[in-house]
Amino acid sequence: IAPRRVLESNFLKQKALREANADKKPSAEEEDARAAAADAEEMDGYKERRVHAWVMVLAGKRLLEQSLFIEPSTGACFPLDESPYYGIEAVWNASNYWVNMQGSHVPPSKLQFDLTKKLKWEYVLYDATMHSIDEAEEEEGGVVSGAATEVNAESGAKSRDIEENAVEKVQLDMPPSWVDRLHIDRDRFQARCPSGNKTTAFRRAELKQFAPYSREDGMVMRMCLYKDDELTELSETRETFAHRKDKLVSRVCVMDEGSKREFFDPGRPRGLKEFFEVEGKRREFHYYSSARLDGLVARTEEFGVKTIHTYEGSRDTLILRSAHYLPASDGGDKGGESGYRKLMERYKRTPEIDAEKDVAKRTFDVVNSIIKVRYHYGTDRVTASWRTYSKGGHTVVQVDPFSRPPTDAVMLEEYQRLQIAERECINQIREADRQAKEMLAQRADEEAVIAEAMAEAAQDMGEQSWAQPVARAHLQVSVYDTARSKLATQSDDTEEAERSQVPHDYLTPFLPRQMSKDDPPLSREEALKARDACLKSLKDRLVERANIVQSRLDEENAALSKRQATFQRNRDHMEASDEAEYERYCQEAMFRIQILEQRLDRHTDLSLHKYAEMDTRLRADPRLSALSATAN
């Protein structure tokens, strides 16, 4: 039996430690530091002339044994006898204001903080619920109170006369203000400061606040953390944004780790929720699973090592897919698009399916051409069934001794399905890699455009431009903000009119800039880039269409071959109706294959013609006249 645990109070331990430190004599270095601080204080020309406000918490409530001073700028706590303050002029809370009548130069350790004593603290606003002690009681120490009690006991009539003739206390309210009523318009009130931004310095930290819609990037707060008190060595930045069209909410950058973490609101394309990156090491994407059809929750990349996709599992039984890459020296690359070493898929349990047939994990060993399938654990089982498939042979391990082992034909059929699943897994991983690259490129373009807009706004900004409603191109405006909403609508109409004036044709997406009819032609380098990009786009589209037709043709040939192999195995036991159905299927399949082959041949001929026609059209385009001029 384990020994009984002895319960100890951390509060009592800290209290005993404070008492021990109080009894401990200071060292010589501490004495020298205190002497130096005292000399510097005596030489201070503004000693006892600075006015400051801090927080005082009185003992008695909140389980406090002694009263404390809390410095709001640093958060440090000081007892009354150790506070660095010279005196107190007044104290206040949410209900009243008390003036110190004991002297503003009396140290806080010698003051009495009983706010109900009028000789010590004079209140400004009368409070009927406040219990005050009479001044005579303070001066006579209770003698007058005793005499008054004796007199009242001897004569009740006199007491009643005194009560009737007593002067009723008048409740005093604050006098009305002598200045006009203050009026602050909405834009200035939202700014929270005269210039639209405010900087607050803390110990090893700096907080910058910005008015809404005052910046092109939508930043409303920026917290900078430093390693030193001089605020020269930056350690971490925390930025908060509002009203961004790209749904960016906050960004945290840690300089020592080289990491960046961004958070997004719902509504961004592909459901991006959070993005985290450690430069050169790791990258993570987190998604809103309800906004994606595939149920993807997270994507984790370790550069050159592996990529892991985590799924929600509500739309499909798949919950995880990973790809491990070969080292760079063995044919892999840093990005991991090629050189797969191992692929793995995990599936959740489906209660309706027998555990012997419910796949839990599939591993595709690409290097050794081995496929391993592990099934879920059955009820009251500590081991699970598994199978191994390879060109050299198959291995089957079944936990249930009464289950029938699969035949060779079934194993061969299963092996073919797993090979198709392996190719599908590779395609899914490559598609996810492509989407991740597109998202990274989109984020880079968004930040570059915003940075350019910030630079232009810094040049054009006037002294009071922050106080006027401005429609920012990269920020969303609420319909309830009528001033900015009108400006945003007008800006959108203007941009639409400008876009309608610029001609849009086949070459516009590949031009380095928008061009009108009166613009001069492109330079030779720009013309070469535009022509190559246009031809590459056409070629990619034609190849993609050819691949689609070819994949359909391969599927039809594979299905026909599979049906023929099944017919050859079972033809001795087939009936006449099955043979008739097989012949009809073969005729239809051959017809589809013939049509697909004709479409593929026709597409190949048309592709060559379209490519040559586009090349001729580009050479004759006046915007690319630099190409023909150089050739001549």
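The model shown is predicted, which means the values in this text are computed figures rather than measured ones.
- Using cut-offs of 30° and 60° for the angle between ring planes, the H243 and Y213 rings count as parallel.
- Between atom CD of residue E438 and atom CG of residue D445 there is a gap of 11.5 Å, rounded to the nearest 0.5 Å.
- Figure legend: R261 and F276 shown as a cation-pi pair, the cationic atom lying under 6.0 angstrom from the six-membered ring centre and within 45 degrees of its axis.
- For the residue pair Y340 and D433, the shortest heavy atom distance occurs at OH-OD2, 4.2 Å.
- Rounding to the nearest 0.5 Å gives a distance of 11.5 Å between CD of Q564 and CZ of R571.
- When all heavy atoms of L272 and E274 are compared, the closest pair comes out as CD1-O, 3.6 Å.
- Residues G267 and K247 share a closest heavy-atom pair of C-CG, 4.1 Å.
- Residue D217 comes nearest to F241 through the heavy atom pair O-CD2, 3.2 Å, listed as atom of the first residue, atom of the second, then distance.
- A distance of 13.0 Å separates CD of E257 from CD of E279, quoted to the nearest 0.5 Å.
- S390 and Y415 share no side-chain donor-acceptor pair at under 3.5 Å.
- Distance check: R592 CZ to E556 CD gives 4.5 Å after rounding to the nearest 0.5 Å.
- Between F285 and F275, the ring planes are tilted. Angles from 30° to 60° get that label.
- Contact check for E597 versus L553: side-chain heavy atoms found under the 4.5 Å cut-off.
- Geometric assessment of K273 against the ring of Y288 yields a positive cation-pi assignment under the 6.0 Å and 45° thresholds.
- Taking the side chain as every heavy atom from C-beta outward, M344 and R346 approach each other to under 4.5 Å.
- Counting heavy atoms from C-beta outward, K361 and L320 have side chains that stay 4.5 Å or more apart.
- Within the 4.5 Å cutoff, the side chain of E262 has no heavy atoms near those of the S250 side chain.
- Contact annotation: the side chain of L624 approaches that of L507 to within less than 4.5 Å [non-hydrogen atoms, C-beta and beyond].
- With Y585 as the aromatic partner, R563 meets the cation-pi criteria of under 6.0 angstrom to the ring centre and within 45 degrees of the ring axis.
- Checked by atom type and distance alone, the side chain of S625 pairs as donor or acceptor with a backbone atom of P622 at under 3.5 Å.
- Using a 4.5 Å cut-off on side-chain heavy atoms (C-beta onward), V366 and E422 make contact.
- Atom CD in Q416 sits 12.0 Å away from atom OH in Y389 (nearest 0.5 Å).
- Residue F210 holds its CZ atom at 4.5 Å from CZ of R215, rounded to the nearest 0.5 Å.
- Between W386 and K372, every side-chain heavy-atom pair lies at or beyond the 4.5 Å cut-off.
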